[in-house]
Q: 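Dumping the structure here so I can ask a few things about it.
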Amino acid sequence: MLFFVDTANLDHIREAAELGILDGVTTNPSLMAKEGITGEKEVLKHYRSICEIVGKDRDVSAEVISTDFAGMVAEGKKLAELHENIVVKVPMIKEGVKAIAHFTELGIRTNCTLVFSAGQAILAAKAGATYVSPFIGRIDDTAWDGMKLIKDIFEIYGQTGYETAILAASIRNPLHIVQAAKAGADVVTCPLSAIMGLFYHPLTDIGLEKFLADYNKANG
Ligand code: E4P
């Protein structure tokens, strides 16, 4: 399973990359706004910086703002030309599916975002999306079962042979990561805090403290 970090914060991306386990980055307009990145020039510059930090062969999802076919295609082409790492992120709407199908024909990789049902995931795969992004946390927020959606998509893609990768998004904590892995996600995208949460176990700390104390006792 691949690990993406879901942020536009360059320090967090750098920290995740330094761990040596980072496979890519996802961003969205809210995350870009949170970092104060505004205006086309700044936005493109920021995406280039992200691509340079993560290095070769790491996918970086950059989302289009347009909601009409022509606008999405124009924006997507510009984003894709920016850097070889860029994957064009397109919302799950009618025009978006059309745009994904068009990008597929052009050989431009896509991430279909804002997916909340198995039916939407089928449409994304049918259009040839590289990734489909079911939003686990936001589904859980409404008292539905986000992880069940991952399981359903995994089952459907397995049976149909769709090659779209399941990118579990809107991951909020380390347990979500573990559950997404069990449910069959190909990728998890999560804030750095959720990745860091995976490291911690009190018995690891206690065990290490004891090993070092015993070593120091034996070696003076
Ligand atoms: C996915 O690509 C989105 O950027 C993200 O995971 C949304 O997460 P949120 O629901 O925590 O905003």
Side-chain angles (χ1 to χ4, degrees), residues 1-13 16 22-38 43 46-47 50-51 53-54 58-67 72 75-76 79-80 85-93 96-97 99-100 103 108-117 120-121 123-125 127 129-150 153 164-181 183-198:
M1 187 176 74
L2 301 182
F3 269 68
F4 289 2
V5 70
D6 190 34
T7 182
N9 181 291
L10 298 185
D11 290 336
H12 286 189
I13 295 168
L22 186 68
D23 300 298
V25 177
T26 53
T27 61
N28 63 41
S30 306
L31 293 171
M32 294 292 273
K34 194 172 160 195
E35 300 307 316
I37 312 299
T38 54
V43 166
H46 200 75
Y47 283 138
I50 293 175
C51 291
I53 292 171
V54 295
R58 305 274 195 276
D59 284 352
V60 174
S61 286
E63 189 160 342
V64 297
I65 306 299
S66 305
T67 53
M72 285 191 224
E75 253 189 85
L79 288 167
N85 289 5
I86 294 285
V87 173
V88 181
K89 203 174 181 190
V90 180
M92 168 38 76
I93 54 176
V97 169
I100 290 170
F103 287 133
I108 292 176
R109 287 168 301 135
T110 51
N111 174 355
C112 184
T113 191
L114 289 168
V115 167
F116 294 91
S117 75
Q120 291 178 325
L123 285 174
T130 315
Y131 298 102
V132 64
S133 288
F135 275 38
I136 304 313
R138 291 193 197 186
I139 295 175
D140 287 357
D141 289 344
T142 60
W144 288 59
D145 185 353
M147 225 40 84
K148 168 82 169 50
L149 178 57
I150 301 285
I153 299 172
T164 298
I166 305 171
L167 194 168
S170 188
I171 293 275
R172 302 275 169 78
N173 55 54
L175 183 58
H176 268 159
I177 299 176
V178 174
Q179 290 171 332
D186 298 294
V187 190
V188 280
T189 189
C190 29
L192 182 63
S193 58
I195 298 177
M196 297 314 276
L198 290 175

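Source: prediction; values computed, not measured. Because only heavy atoms are used, hydrogens play no part in the values below, and waters and symmetry mates are left out as well, while side chains stay in. Just follow the structure's listing: the first ligand is 1, and inside any ligand the first atom is 1.
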Q: I'd like to check Val132 versus Gln120 (side-chain heavy atoms, cut-off strictly below 4.5 Å). Are they in contact?
A: no

Q: Can you name the nearest heavy-atom pair linking Thr164 to Ala129, along with the distance?
A: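 Closest heavy-atom pair between Thr164 and Ala129: OG1-O, 2.7 Å.
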
Q: Who passes side chain to side chain contact (heavy atoms under 4.5 Å, CB included) against Leu114, sequence neighbours left out?
A: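 Leu114 satisfies side chain to side chain contact (heavy atoms under 4.5 Å, CB included) with Pro91, Phe116, Phe135, Arg138 once adjacent residues are dropped.
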
Q: Looking at Leu22, is its backbone amide N or carbonyl O close enough to the side chain of Arg58 to form a donor-acceptor pair, meaning the two atoms are under 3.5 Å apart?
A: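 Pair found, side chain donor or acceptor close to backbone of Leu22.
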
Q: Determine whether Asp23 and Val187 make a side-chain contact, defined as any pair of heavy atoms from C-beta on separated by less than 4.5 Å.
A: no

Q: Write out the protein residues near ligand 1, meaning a non-hydrogen atom under 4.0 Å from one of its atoms, in order of chain and number.
A: Asp6, Thr26, Asn28, Lys89, Phe135, Arg138, Ala169, Ser170, Arg172

Q: Does the pair Met92 and Thr113 meet the rule for a side chain to side chain contact (heavy atoms under 4.5 Å, CB included), with working shown?
A: CA-CA 6 Å; Met92 168 38 76; Thr113 191; over 6 Å; no

